[in-house]
Amino acid sequence: MLDKQISQTITTIISELYGADNMVLPLEKTPKEQSGDFTVIIFPILKLAKQKPEDAAKAIGDALIKSCDIIEGFEVIKGFLNLRVTDQALYEAIKKHDCSIPKIADDDSTYLVEYSSPNTNKPLHLGHIRNNLIGYSISKILQACGHRVKMIQIINDRGIHICKSMLAWQRFGNEETPKSTNTKGDHFVGKYYVEYEKQYRKEVKELVDQGLTQEAAEKQAPLHQQVQKMLRDWEKKDPDTRDLWKKMNQWVYDGFDESYQRLGVSFDKNYYESNTYLLGKQVIADGLAKKIFYQKEDGSVWVDLTDEGLDEKLLLRADGTAVYITQDIGTAIERYQDYQFGHMIYTVADEQDYHFQVLFLILKKLGYPWAKNCYHLSYGMVTLPSGKMKSREGTVVDADDLMNQMHQTARSISESRDTPQGDSIYEMIGMAALKYQLLRVDPRKTVLFDPETSIDFHGKTGPFIQYTYARIQSIIRKYGAVKSYTQPKSLHPEERNLIKKACDYQNQVIQAAKQKSPALLANYLYELVKIYNGFYQENPILNADKQETTQFRVTLSHHIASIIEHAAQLLGFDVPDHM
RNA sequence: GCCUCAGUAGCUCAGUGGAUAGAGCAUCGGACUUCUAAUCCGCAGGUCGUAGGUUCGACUCCUACCUGGGGCGCCA
């Protein structure tokens with residue numbers, strides 16, 4: 001691209017003027033309040049040049065004019081050399097430009113991207129939505145960079161929390177089903193999870209009233225006893241327990257499938273904790289035999305990570321049952337057997353930072369060379385003005401409810417501006433509003449979600465981006481078939497800005513991939529669209545003076561639309577032809 | 001207590017060693033007989049948590065402190 005070409009020429013010039021080989025001066029985009037396109041920062045060469053900043057800048061500027069035919073002028077302000085590139089160069093650049101990203105040749109290994117990974121005892125909530133959007137988008141971004149990507153998840157389908165909803169349904173369900181109650185399966189099961197907690201608290205309170213301590217009451221409550229028995233039965237593969245488990249999990253999966261489809265995400269393979277925890281236990285037994293781990297008198301198995309600055313960590317309980325990390329070890333190994341991945345990315349909230357540090361160290365201790373290729377894509381949690389979402393306090397923002405609400409808002413805005421569109425467009429707009437709002441924030445940061453102020457559809461939003469795309473489609477419909485670029489006599493400032501921004505697209509995608517941040521791409525896309533809208537406002541397209549100008553501007557608009565669509569796909573939302 | 005992440009406009013966020021720190025929302029004021037006004041233009045809004053340090057140059061890097069989130073379970 002232009003910047004590379006300029007940068008290389010400057011390196012040559014520095015070598016000729018000052019005798020320093022391979023010196024690269026920083027080259028940036030000129031800030032908009034200054035005149036120019038690219039800015040060379042002169043300061044780093046001053047010691048070597050033994051000149052004032054202005055003199056060195058002028059010397060380099062003069063040399064650039066001579067040797068680089070895409071530069072038509074420069075301006076020196078202190079240590080900044082502002083370069084202006086020719087219209088011709090910008091025209092050639094946009095003509096050659098498309099959205100494809102040069103493949104990074106030395107890495108054709110597979111990226112595994114894990115995201116979502118819910119428990120099967122309650123429906124998805126807003127936190128899952130953020131997780132899904134980040135995981136899906138980063139997968140698409142890596143794919144766009146030429147990597148082979150497989151999207152996967154681990155489904156936490158076993159454990160005491162699953163047994164709670166099972167027990168509650170068995171005890172209080174009266175044989176009702178999602179079908180008989182016309183309830184989405186995950187919500188149906190979630191209702192019983194809540195019911196368990198309610199009944200359990202009631203039992204505990206009664207026992208406390210009878211004089212027991214809180215701690216004793218919690219242990220002795222009949223439901224607690226029964227749910228523990230149910231977990232033991234499950235581990236013993238008791239047929240009735242397993243049947244109930246299968247039946248209720250299937251209800252949940254049916255519900256999840258609906259939500260995933262609506263979110264627009266999918267998975268190449270699902271891993272289930274109920275399968276992988278056994279491999280995890282096996283690996284831990286092997287590690288114990290090889291003295292990588294050690295056993296305490298009570299029979300529990302531990303790993304000592306104090307040499308790495310961490311602490312000692314339990315891997316198996318005294319009774320031989322698995323803990324959380326047990327299955328994660330098994331899952332990772334199974335995934336390597338399945339895919340021989342070059343990289344594995346875990347999209348998991350930052351509350352588990354420590355867990356993943358431990359997991360990766362254990363895999364390393366076990367001697368898996370691929371342990372160093374595991375990466376925790378840690379993102380901040382979604383919080384409410386009142387703080388963390390808590391299911392017990394009923395403050396959880398349900399994923400399905402929220403999606404419905406987005407759809408309704410899109411509908412009412414559309415109807416209020418007298419341009420009704422139909423359900424599929426409302427869905428497209430509502431989802432874009434939701435997705436953009438969550439993705440535009442740096443993944444590492446906590447997101448604040450205020451249910452009262454609802455998600456915006458104006459300004460820096462998904463619908464704003466979609467609207468711009470729809471406007472361009474409208475122009476194209478009126479114009480007819482888009483032809484190839486014709487060279488205009490000169491470029492307007494808005495056209496120059498637009499072309500420069502468009503040509504920067506690939507850089508932005510590559511940066512987003514490197515930094516694992518869809519937010520970089522989301523913010524870039526907004527800037528691109530903002531510049532386009534300014535251009536649209538100031539420059540007649542179909543009504544331009546000359547037919548060649550119209551052809552150039554329509555072609556440019558069409559080009560921008562294709563970038564918008566490409567970027568939107570990487571962020572996981574669609575763009576409409578009308579809105 | 002220890003570890004870790006974050007603190008930028010009233011609110012939500014950009015800014016990843018360069019110039020006078022930028023957007024959106026909200027407020028106020030303009031632009032629809034025109035290619036879609038979910039748009040555009042303008043006004044106003046800041047001791048970049050505090051104090052030191054490194055550097056030609058610090059919102060950005062280092063140190064300490066303050067405030068907030070998260071973690072430090074034989075929970076997941």
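Just so we're on the same page: letters track the sequence lines, and every chain starts at 1. The figures here come from the full heavy-atom set of this structure, side chains too, leaving out hydrogens, waters and symmetry mates.
The gap from the P atom of B:U20 to that of B:U4 amounts to 35 Å, rounded to the nearest Å. Rounded to whole Å, the separation between the P atoms of B:A23 and B:C66 comes to 36 Å. Separation of the P atoms belonging to B:U50 and B:C11 is 15 Å when rounded to the nearest angstrom. Taking atom P on both B:C3 and B:A26, the two are 44 Å apart, rounded to the nearest angstrom. Taking atom C1' on both nucleotides, B:C56 is separated from B:U39 by 45 Å, rounded to a whole Å. B:C61 and B:G22 have their C1' atoms separated by 22 Å, with the value rounded to a whole Å. Taking the C1' atoms as reference points, B:C62 lies 24 Å from B:G70, given to the whole Å. Distance noted for atom C1' between B:C41 and B:A37: 13 Å (whole Å).
Summarising the geometry, atom CG belonging to A:Asp456 is positioned 6.5 Å from atom OG1 belonging to A:Thr461; distances are rounded to the nearest 0.5 Å. Rounding to the nearest 0.5 Å places CG of A:Leu402 at 12.0 Å from CG of A:Leu124. To the nearest 0.5 angstrom, A:Leu384 atom CG is 7.5 Å from A:Leu126 atom CG.
Side-chain proximity of A:Lys530 to B:A76, B:C74, B:G24: nearest is B:G24. Of all nucleotides listed (B:C35, B:A19, B:U12), B:C35 comes nearest to the side chain of A:Tyr536. In this structure, of B:C35, B:G24, B:A19, it is B:G24 that holds the atom nearest to the side chain of A:Lys460. Checked against B:C74, B:C25, B:A37, the side chain of A:Arg471 finds its nearest nucleotide in B:A37. Looking at the side chain of A:Lys78, the nearest of the listed nucleotides B:U16, B:C25, B:U20 is B:U20. Distances were taken from every side-chain heavy atom of A:Ala318 (C-beta onward) to each of B:C74, B:U36, B:A19; the shortest belongs to B:C74. In the set B:A76, B:C35, B:A14, B:C35 carries the atom at the smallest distance from any side-chain atom of A:Leu542.
Both distances falling under 3.5 Å, in either a Watson-Crick or a G-U wobble arrangement, occur for no nucleotide opposite B:G46. Using Watson-Crick or G-U wobble geometry with both donor-acceptor distances under 3.5 Å, B:C32 finds no partner in any strand shown. When both distances must be under 3.5 Å, the Watson-Crick or G-U wobble mate of B:G18 is B:C56. Shown here, B:U27 forms no base pair; nothing in the strands shown gives a Watson-Crick or G-U wobble contact with both key distances under 3.5 Å. Under the Watson-Crick and G-U wobble criteria, each requiring two contacts below 3.5 Å, nucleotide B:C72 is paired to B:G1.
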Please step through side-chain hydrogen bond (donor to acceptor under 3.5 Å, both in side chains) for the pair A:Asp37 and A:Thr30, ending with a clear verdict.
CA-CA 5 Å; A:Asp37 301 304; A:Thr30 304; over 6 Å; no
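As a whole-Å value, the separation of A:Phe457 CZ from B:U36 P is 22 Å. B:G15 atom C1' lies 17 Å from atom OH of A:Tyr524, rounded to whole Å. Taking atom OH of A:Tyr193 as the reference point, atom C1' of B:C75 lies 10 Å away to the nearest angstrom. A:Lys281 places its NZ atom 13 Å from the C1' atom of B:C74, with the value rounded to the nearest Å. Atom CD1 of A:Ile455 is separated from atom P of B:C25 by 16 Å (rounded to the nearest Å). Across the protein-nucleic acid pair, A:Ile472 atom CD1 and B:U36 atom P stand 12 Å apart, rounded to whole Å.
Closest approach of A:Leu571 to A:Ala522, counting heavy atoms only: CD1-CA, 3.8 Å.
Two rings, from A:His558 and A:Tyr479, have their centers 6.0 Å or more apart. The aromatic ring centroids of A:Phe43 and A:Phe80 lie less than 6.0 Å from each other.
Within the nucleic acid shown, A:Arg444 comes within 4.0 Å of sugar-phosphate atoms alone, with no base atom in reach, counting heavy atoms only. Contacts of A:Asn82 with the nucleic acid, taken as non-hydrogen atoms under 4.0 Å apart, include base atoms. Contact annotation for A:Asn119: backbone-only contact, meaning every heavy-atom pair under 4.0 Å involves sugar-phosphate atoms and none involves a base. Residue A:Asp577 is classed as a base contact, given a heavy-atom separation below 4.0 Å to a base. Note on A:Tyr526: only backbone sugar-phosphate atoms sit closer than 4.0 angstrom, heavy atoms only; bases stay farther off. The residue A:Asp442 sits close only to the backbone: its heavy atoms come under 4.0 Å of sugar-phosphate atoms, none of a base.
One finds no side-chain N or O of A:Arg158 lying less than 4.0 angstrom from the OP1 or OP2 phosphate oxygen of B:A76.
Using a 4.5 Å cut-off on side-chain heavy atoms (C-beta onward), A:Tyr375 and A:Phe356 make no contact. Between A:Ile475 and A:Ile472 the shortest side-chain heavy-atom distance does not fall below 4.5 Å.
Seen from the ring of A:Tyr536, A:Arg471 counts as a face-on cation partner, given the 6.0 Å and 45° thresholds. Relative to the ring axis of A:Trp302, A:Lys296 places its NZ or CZ within 45° and under 6.0 Å from the centre.
Judged by atom type and distance alone, A:Gln437 does not reach the base of B:U12 through any side-chain donor-acceptor pair under 3.5 Å. With hydrogens and angles left out, the side chain of A:Asp328 and the base of B:A76 share no donor-acceptor pair within 3.5 Å.
Residues from residues 23-36 of chain A that place a heavy atom under 4.0 Å from any atom of RNA chain B, listed by number: A:Glu28, A:Pro31, A:Lys32, A:Gln34.
Within the 3.5 Å criterion, the main-chain N or O of A:Trp234 finds no donor-acceptor partner in the side chain of A:Arg158. For the pair A:Asn539 (side chain) and A:Phe535 (backbone), a donor-acceptor distance under 3.5 Å is present.
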Could you encode protein contacts along nucleotides 54-61 of chain B as a string, one character per nucleotide from 5' to 3', using B for base contact, S for sugar-phosphate-only contact and - for no contact, with a heavy-atom cut-off of under 4.0 Å?
--B-----
Can you tabulate the close N/O pairs, meaning under 3.5 Å, that link protein atoms to atoms of nucleotides 68-73 of chain B?
none

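Surrounding NE2 of A:His161 are more than 12 heavy atoms belonging to other residues, nucleotides or ligands, all under 6.0 Å away.
Between the side chains of A:Asn121 and A:Ser165, not a single donor N or O lies within less than 3.5 Å of an accepting N or O.
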